[in-house]
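Atoms within each ligand, like the ligands themselves, are counted from 1 in listed order.
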Amino acid sequence: MRGLAKTSRSQGGMELIERNRPEPKPDEALIEVDYAGLCGSDAGIYEFESAFERMTMPTVIGHEYSGRVVEVGDAVTKFLVGDRVVERPIRGCGDCYQCEIGESNVCQNSVITGVDHDGAYEPYIAVPEDALHPVPDGVEQQHAAMVEPTSIATRAVIQNSRVRAGTRVLVEGPGPIGLLTAQVARAQGGEVVVSGVGQDAEYRLPLAEELGFETLNIADDDLNAAREELTDGIGYDVVFDTTGHPSGLPSAVDEVRKGGQIVLIGQTGETTMPYSPLVRSEIDLQCSYASKYEDFENALRLINTGDVDAETFIDDRFSLLDADEAFETFVGGGTCKPVFDVSVLRD
Ligand SMILES: [Zn+2]
Ligand SMILES: [Zn+2]
């Protein structure tokens, strides 16, 4: 069997390498991986951004996946062979102050599957049972591969935002996290508009429209006129910045209404802007990072109900046998959520 690993400290630098089936420890289940998604952070590993310099090479990447339990360690009590599962790949240590008070998403020593240890772009992975969630019968196995990114959105919207029925929402950035955030915000009753830039016009903004959202292309559309029309000139109650671009926060400040809320999800690096207008408008600046157990459970339910439309959202055109094509297309904005069939790596 083979796995797709980051093998060198450079842009690209990924190869299919020979792998052995891991042995589960007593508290672990061995998972046969069926489907795995490509995420913005996987693209960050591909580009070898500074956040991933801590990685040892080779490391098999991939952290958004669905699979089936094929073997359990002696101490496993909650899962049986045959159970369909997803993994919570960002995990707290259980010992630090944040873990003790229930804030495991901001654990001081957290580890991430597919970054700090081998991930799911390979046929088998051994996972502690505490990190697994059962997949409900109504959720297809391919759709379950997008539970992890959906959990980032359920956390941002349900736990960290003020979105309620009737709330006027702008989601900046039609990437995977943006379009999931938009769907979760709509499920909460929000009236959601999605904005993107020039390169999003090819694939991501049309996808947003297919998902039923009003869209704005900031390269072409007059944002002031759109705000005037869509919010009666008041501004959006809640703006989510999922752009990961330094312009995301300043433009959120332009779009949010006085007394409104900006939720930062994308990691934008450095940006310089005047902060006094935020104070004078009493803008609530809220961050949202990673996800916890409850966010996974909410994500599974919203995929099960169809509030998050996995069928429309998933792009299954790509193969792990030619992963560079998927990564290059993703980086160029020509896809949003590629999901790979991992079974091609079994022989
Ligand atoms: Zn992810
Ligand atoms: Zn911890």
Side-chain angles (χ1 to χ4, degrees), residues 4 6 14 33 35-47 49 51-52 55 59-67 86-121 125 127-128 130-133 142-157 173-181 183-184 204 240 242-244 265-267 288-293 295-296 298-300 302-303 308 310 313-315 318 320 323 326-327 330-331 335-340 342:
L4 183 71
K6 184 77 178 175
M14 288 184 180
V33 180
Y35 295 95
L38 193 167
C39 163
S41 63
D42 298 317
I45 295 170
Y46 180 80
E47 298 287 324
E49 290 168 359
F52 301 103
M55 288 177 73
T59 296
V60 173
I61 69 165
H63 60 272
E64 317 180 339
Y65 69 95
S66 59
V86 293
E87 179 192 339
R88 215 164 55 257
I90 306 181
R91 294 201 290 280
C93 65
D95 284 329
C96 74
Y97 182 78
Q98 280 72 19
C99 285
E100 294 287 13
I101 64 169
E103 297 177 353
S104 59
N105 63 309
V106 286
C107 166
Q108 297 174 27
N109 317 300
S110 65
V111 290
I112 308 177
T113 299
V115 177
D116 299 305
H117 49 257
D118 289 319
Y121 287 172
I125 183 169
V127 183
D130 285 349
L132 294 173
H133 294 250
Q142 186 200 45
H143 297 177
M146 51 176 273
V147 170
E148 191 272 341
T150 307
S151 77
I152 307 298
T154 51
R155 175 159 195 81
V157 177
I177 297 301
L179 292 184
L180 289 166
T181 298
Q183 293 182 79
V184 177
R204 294 179 172 184
F240 292 91
T242 74
T243 61
I265 311 175
Q267 297 178 41
S288 193
Y289 182 67
S291 60
K292 299 197 291 191
Y293 187 95
D295 307 310
F296 264 73
N298 285 332
L300 280 161
L302 290 179
I303 292 171
V308 170
F313 190 59
I314 284 172
D315 185 353
F318 301 99
L320 281 173
F327 279 91
F330 182 91
V331 170
T335 180
C336 189
K337 178 51 71 187
V339 171
F340 301 112
V342 180

- Message: Less than 6.0 angstrom from the centroid, inside 45 degrees of the normal: does Arg204 satisfy that with respect to the ring of Phe313?
- Response: no
- Give every protein N, O or S atom lying under 2.8 Å from the Zn ion (ligand 2), naming each by residue and atom. Cys93 SG, Cys96 SG, Cys99 SG, Cys107 SG
- Test item: Thr154 side-chain N/O and Asp295 main-chain N/O as donor-acceptor pair under 3.5 Å: yes
- Message: Do His63 and Ser41 have side chains that approach each other closer than 4.5 Å (heavy atoms only, starting at C-beta)?
- Response: yes
- Would you say Glu64 has an N, O or S atom lying under 2.8 Å from the Zn ion (ligand 1)? yes
- Message: Are Met14 and Phe327 packed together at the side-chain level, in the sense that at least one heavy-atom pair is separated by less than 4.5 angstrom?
- Response: yes
- Message: Tell me the angle that NE2 of His63 and OE1 of Glu148 form around the Zn ion (ligand 1), rounded to 10°.
- Response: 90°
- Task: Indicate yes or no for a side-chain donor-acceptor contact from Asp118 to the backbone of Val60 under 3.5 Å, with no hydrogens or angles considered.
- Result: yes
- Message: In this structure, is the centre-to-centre distance between the rings of Phe318 and Phe340 below 6.0 Å?
- Response: no
- Note on the structure: Here the gap from Asn105 atom CG to Ser288 atom OG, rounded to the nearest 0.5 Å, amounts to 7.5 Å
